[in-house]
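Step one of this worksheet: look at the structure below.
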Amino acid sequence: QVQLVESGGGLVQPGGSLRLSCTASRIIFSIYGMNWYRQAPGKQRELVAVISSNGATNYADSVKGRFTISRNNAKKTVYLQMNSLKPEDTAVYYCNTMVEGTDYWGQGTQVSVSS
């Protein structure tokens, strides 16, 4: 079964930066698209960024120009570089992929933006 493990969350001041990582196992990582979602308290989970198997990327309007998704296939890892963080970016961030019709999720990593 596919496993996804996120890391890199934490507490940061507004305007700061964080880099999230998600390492996959039990998957031919290079052939699958990878996604980052987030869920803030009391809100629905929302798609933040996607990267296809060939490296094409797309972003939610709320993070365009501030967040960058990337991948390292040799390390089976997808990254989310988050710059110019705002309090409204506070959420649990989840890594996600779909393999043969099944959604897989990591355990989530908390990102808190506060002064």
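Basis for what follows: all heavy atoms, side chains included, without hydrogens, waters or symmetry-related copies. Position 1 is the first residue of the sequence; numbering continues from there.
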Just how far is it from atom [atom1] of [X] to atom [atom2] of [Y], taken to the nearest 0.5 Å?
X     : Y      : atom1 : atom2 : answer
Gln13 : Ser114 : CD    : OG    : 8.5 Å
Gln81 : Ser70  : CD    : OG    : 8.0 Å
Glu46 : Ser62  : CD    : OG    : 5.0 Å
Ile69 : Asn58  : CD1   : CG    : 10.0 Å
Ile51 : Met34  : CD1   : CE    : 9.5 Å

Please give me the minimum heavy-atom distance between [X] and [Y], naming the atom from each residue.
X      : Y      : answer
Ala91  : Ala40  : CB-N, 3.8 Å
Asp103 : Met98  : OD1-CE, 3.6 Å
Gly9   : Thr109 : N-OG1, 3.1 Å
Ser30  : Ser53  : O-CB, 3.4 Å
Leu18  : Gly8   : CD2-O, 3.8 Å

Cation-pi check, Arg38 onto Tyr94 ring (under 6.0 Å, within 45° of axis) = no

Lys NZ or Arg CZ of Arg19 over Tyr79 ring: under 6.0 Å, within 45° = yes

Do the ring centers of Trp105 and Tyr37 come within less than 6.0 Å of each other?
-> yes

Exam field: side chain Asp61 to backbone Val63, donor-acceptor pair closer than 3.5 Å | no

Side chains of Ser112 and Gln110: donor-acceptor distance under 3.5 Å anywhere?
-> yes

Between the side chains of Thr23 and Thr77, is a donor N or O closer than 3.5 angstrom to an acceptor N or O?
-> yes

Mark yes when over 12 heavy atoms from residues, nucleotides or ligands other than Gln44 sit less than 6.0 Å from its CD; otherwise mark no.
-> no

Step through the shown structure and confirm whether more than 12 heavy atoms of other residues, nucleotides or ligands are within 6.0 Å of CG on Leu11.
-> yes

Report yes if some heavy atom in the side chain of [X] is under 4.5 Å from a heavy atom in the side chain of [Y]; otherwise report no.
X     : Y     : result
Val50 : Thr57 : no
Phe29 : Lys75 : no
Thr68 : Leu80 : no
Lys76 : Ser25 : no
Phe67 : Val48 : yes

For side chain to side chain contact (heavy atoms under 4.5 Å, CB included), just list the numbers for Gln39 and Tyr93, CA-CA rounded to whole Å, side-chain angles, deciding distance to a tenth of an Å, and then say yes or no.
-> CA-CA 7 Å; Gln39 187 167 19; Tyr93 284 71; over 6 Å; no

Starting from the C-alpha separation in whole Å, work towards a yes-or-no answer on side chain to side chain contact (heavy atoms under 4.5 Å, CB included) for Val78 and Cys95.
-> CA-CA 8 Å; Val78 60; Cys95 178; 3.8 Å; yes

Got a salt bridge between Lys86 and Asp89, using NZ or NE/NH1/NH2 to carboxylate O under 4.0 Å?
-> no

Those residues at least two apart in sequence (or on a different chain) that pass side-chain contact (heavy atoms from CB on, under 4.5 Å) with Val99 are Val2, Ile27, Tyr32, Thr97, Tyr104

Could you walk me through whether Arg26 and Leu4 pass the side chain to side chain contact (heavy atoms under 4.5 Å, CB included) check?
-> CA-CA 9 Å; Arg26 302 177 184 175; Leu4 302 173; over 6 Å; no

Same hydrophobic cluster for Leu20 and Val12, using side-chain heavy-atom links shorter than 4.5 Å among ILVMFWY?
-> yes

